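All values derive from a computational prediction rather than experimental measurement.
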Amino acid sequence: MLRSVHRTTSAARIAQLAKRYSSYASSVFPDEPSVPQLKTEVPGPIGTQLNTNLGDVFDNRAAYFVTDYYNSIGNYISDADGNKLLDVYMQIASIGLGYNNPALKQVAKLDEMTTALINRPALACFPGVDYQKVLEDGILKAAPPGMTKVWTATTGSDANETAFKAAFMLQAARDRGSRDFNQQELISVMNNEAPGASEKCILSFDKAFHGRLFGSLSTTRSKAIHKLDIPAFPWPKAPFPALKYPLKDFENENKQEENRCLEQLEDIIVGKGKGNIAALIVEPVQSEGGDNHASASFFQGVRDITLKHNIFMIVDEVQTGVAATGKFWAHEHWNLSTPPDMVTFSKKFQAAGFYFRDPELQPRQAYRQFNTWCGDPSKALIARTIVQEIEANNLVAATASVGDYLFNNLSSLFEKYPGHASNIRGQNMGTFIAWDSPNADHRAKFLLACRAKGVNIGGCGEAAIRLRPSLAFNESHADVLCGIIENVLGEM
Amino acid sequence: MSICEKYFPREPSAPVVSSSSTGEASKAEIKTLDKTFDSRAAYFVADYQKSEGNYIADVDGNLYLDVYAQIASIPLGYNNPELIKTAKSDKMIRAIVDRPAMGNFPGADLKEITLKLLEFAPKGQDKLWSGLSGADAVELAFKAVFFWYQSKKRGYAKPFTAEENESVMKNQAPGSPELAILSFERSFHGRLFASGSTTCSKPIHKMDLPSFKWPKAQYPSYKYPLEEHKEENKREDERCLKIVEDIFSTWKCPIAGLLIEPIQSEGGDNHGSAEFFQGLRDITIKHGALLIMDEVQTGVGATGTFWCHEHFNLSPPPDLVTFSKKFQSAGYFFHDPELVPDFAYRQFNTWCGDPARMILAGAIGDEIVKHDLAAKAQEVGDYLFKKLESLQSKYPKYLQNLRGKNRATFIAWDLPSGDARNKFLSDMRAAGVNIGGCAEASVRLRPTLVFEQKHADILVAAIEKVLGSY
């Protein structure tokens with residue numbers, strides 16, 4: 001095992017070890033490997049052949065390797081050749097409880113799941129008798145502070161776009177006051193023209209990622225390849241702070257940077273004219289865009305500006321949500337004086353949608369926020385189990401604690417390799433940790449070298465490396481990870 | 001023994017509607033649910049464990065013959081035993097528990113799952129890309145169309161210019177080009193922002209949402225019965241095709257794709273002839289645009305062929321065909337290899353679909369083929385249409401423009417007004433039939449593929465009972 005051997009066995013250390021051995025992963029995944037198991041290169045001959053075959057029917061050019069999900073377990077992903085890699089990417093941050101989690105297997109086998117799968121309802125027209133309870137025991141139980149209502153959807157993009165729709169409809173309703181739609185609105189909307197079709201917009205931030213459908217993609221500003229050749233709405237973007245690390249050495253500069261961004265944000269809003277921006281959408285940590293962080297006071301500033309200008313604040317927790325940052329929702333780190341208006345979710349929750357608190361965000365007329373399925377009860381059942389497992393096993397606190405451990409170890413490690421890893425960030429943010437390679441080529445080499453040594457890891461932004469392990473990731477996994485990173489950096 | 005009897009030995013033989021029930025249990029449940037989840041569109045609260053075959057149960061103990069079937073999305077009846085088997089299979093459990101980011105980490109069984117779906121691909125299509133809902137499928141298809149259109153101009157796999165790379169980050173041309181999708185008045189293609197821009201069914205679907213300034217052509221409005229209005233309807237086709245041609249020639253920006261439903265469903269069950277669709281195919285080819293056939297509601301057997309547009313024998317076939325609803329999975333079929341974008345990570349997202357749903361779609365397709373359910377839908381549809389024709393002669397006022405002949409159970413008609421239609425739907429429910437409307441004053445039938453003659457008899461008797469009371 002790649003355990004550090006130089007530690008003294010202090011009382012605290014023994015207590016820590018005891019905690020480790022009673023950890024979630026060791027109790028639910030007794031057969032999880034303790035270190036990566038490599039039999040061939042990754043991908044190996046079988047995986048390479050399978051991937052070539054797959055290419056006949058499915059665009060596989062983004063495939064890292066063909067995966068054997070039956071033999072993946074806990075934090076270890078198995079490829080088709082039987083190699084088992086420690087996975088700190090976890091299906092782009094979307095597997096919460098580890099592979100083949102027994103609690104999820106159990107719910108997947110319930111009759112409740114069977115009926116949800118094969119009798120999928122048009123939820124808003126014919127809700128099933130149990131949907132309210134399923135929401136209450138799961139998705140709503142985990143609602144962020146101040147949020148009491150939810151609208152369900154199918155993906156992160158869908159979640160964000162339904163939140164946009166709620167924002168546009170309520171802003172227009174407020175403009176309209178008590179009157180009904182007028183003739184001009186009713187006619188123009190059918191021609192996709194104002195005043196029926198809104199000319200309001202959604203404001204997002206530079207380097208943001210909010211999805212890839214047409215409305216969400218218009219707010220996405222991460223990379224050109226995500227957006228090229230797709231028509232977009234002419235919506236505005238504001239700068240997102242580019243902080244300097246380590247934070248404690250750049251307090252003043254970072255404060256100035258955040259103030260600069262807040263000033264520009266307000267300038268853009270004022271420049272657009274009163275009432276023209278329906279909502280602002282922001283990620284607590286810009287994930288695809290490079291794991292860019294900002295302080296609680298920056299987000300409080302954003303909240304104050306949105307309130308001042310009657311703009312809804314949508315917090316996109318698609319990637320940050322569900323415990324990975326050491327809080328169930330990352331925006332809980334901010335302690336905002338007024339909670340956000342909407343919070344979107346997907347990925348690790350497996351179900352998607354948005355929470356909200358103002359009942360008026362549910363449009364005044366039925367059939368406006370509406371579609372055939374309005375979500376998927378089978379995914380709501382999975383979300384319920386995820387909430388229950390997180391709660392029963394205290395995985396929010398566990399993730400905060402293993403995140404601190406990992407952050408400290410990585411920080412000391414990177415001090416030895418200053419030319420290879422900089423700007424480590426995500427302190428006190430659970431395992432939501434990232435750092436920068438000197439450039440994209442270096443990053444690509446690093447990621448491949450890690451894979452060759454048995455760690456599956458992902459990048460983001462231009463040259464960043466992001467850690468997105470499961471909530472079953474503990475200190476022994478952190479030790480394996482740090483050991484391999486040290487190995488790789490030592491050889492670079 | 002009929003297929004339905006084989007699947008559902010315990011299916012009720014007739015609806016059960018308690019005369020004393022005023023739906024109190026449903027009302028109470030809806031009220032509770034509404035505290036956290038918008039329930040104002042709820043008809044009633046269903047008990048899916050107690051629903052069986054063509055019958056949906058509600059919490060008040062009523063059993064309705066369901067000819068709406070979750071807005072046309074239940075293919076093989078409630079609690080179909082073959083789908084139960086699929087749902088309980090190891091393959092399904094695995095798919096639910098470990099949902100992959102398919103583009104990055106495809107499972108070893110993804111090819112097999114995909115090939116199974118491709119067995120049911122429309123004639124001429126041999127590839128697919130998967131999504132999660134009808135609107136998602138349609139917008140993914142738009143993206144493929146826009147990538148294709150620009151790559152034709154730029155050259156497939158040619159690099160982007162610096163200007164494109166810079167402008168796109170500001171949502172400006174040339175990186176975010178001004179291109180359009182042409183759709184039709186009264187069409188419905190979904191409710192996200194781009195799909196919503198092509199939807200043109202009702203103002204309430206679109207009001208207050210920003211939309212792309214994309215054009216709308218006119219979908220034919222035929223006179224019924226078709227055989228008595230051949231000449232007028234032919235002229236109507238020509239008139240509508242001319243409008244399409246004119247828009248292509250005059251629209252302010254290039255039109256990359258034309259999107260159309262084989263039968264406009266939400267918009268009133270409006271039909272177009274094979275000649276009209278061939279005309280559209282010819283115009284799109286002439287103008288270098290792609291033809292997207294939206295089969296979200298019409299697909300998967302309900303019109304008597306697996307895909308409705310197969311009735312039209314288009315040559316060449318459509319470029320993209322979108323699906324969702326009754327297939328339980330979503331996405332689009334296509335055949336041109338250049339509709340796979342020229343670079344990776346362009347048509348991409350975290351999940352790229354859902355293997356659990358794709359496995360279910362495969363099982364649905366297998367059952368349809370094994371039991372020839374599209375042909376059976378055609379037979380029962382013909383039987384039902386004849387019965388409705390005779391009812392029509394008795395109640396012409398309430399069965400106007402009866403349509404969907406030779407389109408299996410995909411049948412609709414008009415009532416004199418929206419109020420009359422709504423009253424009819426609610427009276428039908430009291431008579432034990434759950435039935436849906438579309439457009440302003442239409443009634444549409446969307447039963448499952450295990451709807452048989454005995455169900456048609458019950459439906460017709462209920463219609464006759466309700467209309468007899470008017």
(message) Given heavy-atom pairs under 4.5 angstrom as the criterion, report whether the side chain, backbone, both or neither of B:R99 touches chain A.
(response)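 Both backbone and side chain of B:R99 come within 4.5 Å of chain A.
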
(request) Would you mind checking which part of B:K216 comes under 4.5 Å of any heavy atom in chain A, side chain (CB onward), backbone (N, CA, C, O), both or neither? (result)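 For B:K216, side-chain heavy atoms alone lie under 4.5 Å from chain A.
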
One thing to verify: whether [Y] and [X] come together as a salt bridge, which I'm taking to mean a side-chain N less than 4.0 angstrom from a carboxylate O.
X	Y	answer
A:D229	B:K143	no
B:K88	A:D111	yes
B:D208	A:K200	no
B:K111	A:D56	yes

I'd like to know if the side chain of [X] and the backbone of [Y] have a donor-acceptor N/O pair within less than 3.5 Å.
X	Y	result
B:Q70	A:P121	no
B:D98	A:N100	yes
A:K165	B:L209	no
B:R346	A:K227	no
A:N192	B:S211	no
A:R120	B:I74	no
B:R191	A:F370	yes

Side chains of [X] and [Y]: is there a donor and an acceptor less than 3.5 Å apart?
X	Y	result
B:K213	A:N191	no
B:N171	A:K237	no
A:K347	B:T350	yes

(request) For residues B:N165 and A:A224, report the shortest heavy-atom separation together with the two atoms involved. (result)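 In terms of heavy atoms, the two residues are closest at OD1-CB, 3.3 Å.
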
(request) Grab the two heavy atoms, one from B:R40 and one from A:R364, that are nearest each other, plus how far apart they are. (result)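 The pair with the smallest heavy-atom distance is NH1-O, 2.7 Å.
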
(request) May I ask you to name which of B:L83, B:V45, B:N104, B:V97 has the most heavy-atom pairs under 4.5 Å with chain A? (result)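 Ranked by heavy-atom pairs under 4.5 Å with chain A, first place is B:N104.
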
(request) Would you mind telling me which of B:T32, B:V59, B:L140, B:I30 has the largest number of heavy-atom pairs within less than 4.5 Å of chain A? (result)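 Heavy-atom pair counts peak at B:T32.
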
(request) Could you list the residues that satisfy ring-ring contact (aromatic ring centres under 6.0 Å, His included) with A:F58, not counting sequence neighbours? (result)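 Expected list: B:W129.
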
(request) Name all residues meeting the ring-ring contact (aromatic ring centres under 6.0 Å, His included) criterion together with A:F126; count only those two or more places apart in sequence or in a different chain, and write none if there are none. (result)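 Scan of A:F126 (ring-ring contact (aromatic ring centres under 6.0 Å, His included), adjacent residues dropped) gives B:Y43, B:F44.
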
Name the member of [options] that forms the most heavy-atom pairs with chain B at distances under 4.5 Å.
options	result
A:Q365, A:R368, A:K105	A:R368
A:G215, A:C201, A:P236	A:G215
A:A173, A:P234, A:S218	A:S218

(request) Give, as side chain, backbone, both or neither, the part of A:D130 having an atom under 4.5 angstrom from any heavy atom of chain B. (result)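 Looking at A:D130, nothing touches chain B.
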
(request) Mind checking the CG-CG spacing from A:D158 to B:N349? Nearest 0.5 Å is all I need. (result)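 Interatomic distance, A:D158 CG to B:N349 CG, rounded to 0.5 Å: 11.5 Å.
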
(request) Evaluate the criterion salt bridge (charged side-chain N to carboxylate O under 4.0 Å, His left out) for residue pair A:K379 and B:D354; output intermediate values, then yes/no. (result) CA-CA 11 Å; A:K379 302 298 182 201; B:D354 183 350; 2.8 Å; yes

(request) Quick one: sort the A:Y64 and B:F105 rings into parallel, tilted or perpendicular, breaks at 30° and 60°. (result)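 Tilted: the ring planes of A:Y64 and B:F105 meet at 30° to 60°.
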
(request) Can you establish whether the number of heavy atoms outside B:K170 located under 6.0 Å from its atom NZ is more than 12? (result)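 Not more than 12 within 6.0 Å, no.
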
(request) For residues A:F214 and B:F193, establish whether the separation of their ring centroids is below 6.0 Å. (result)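 They do not qualify: ring centres at least 6.0 Å apart.
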
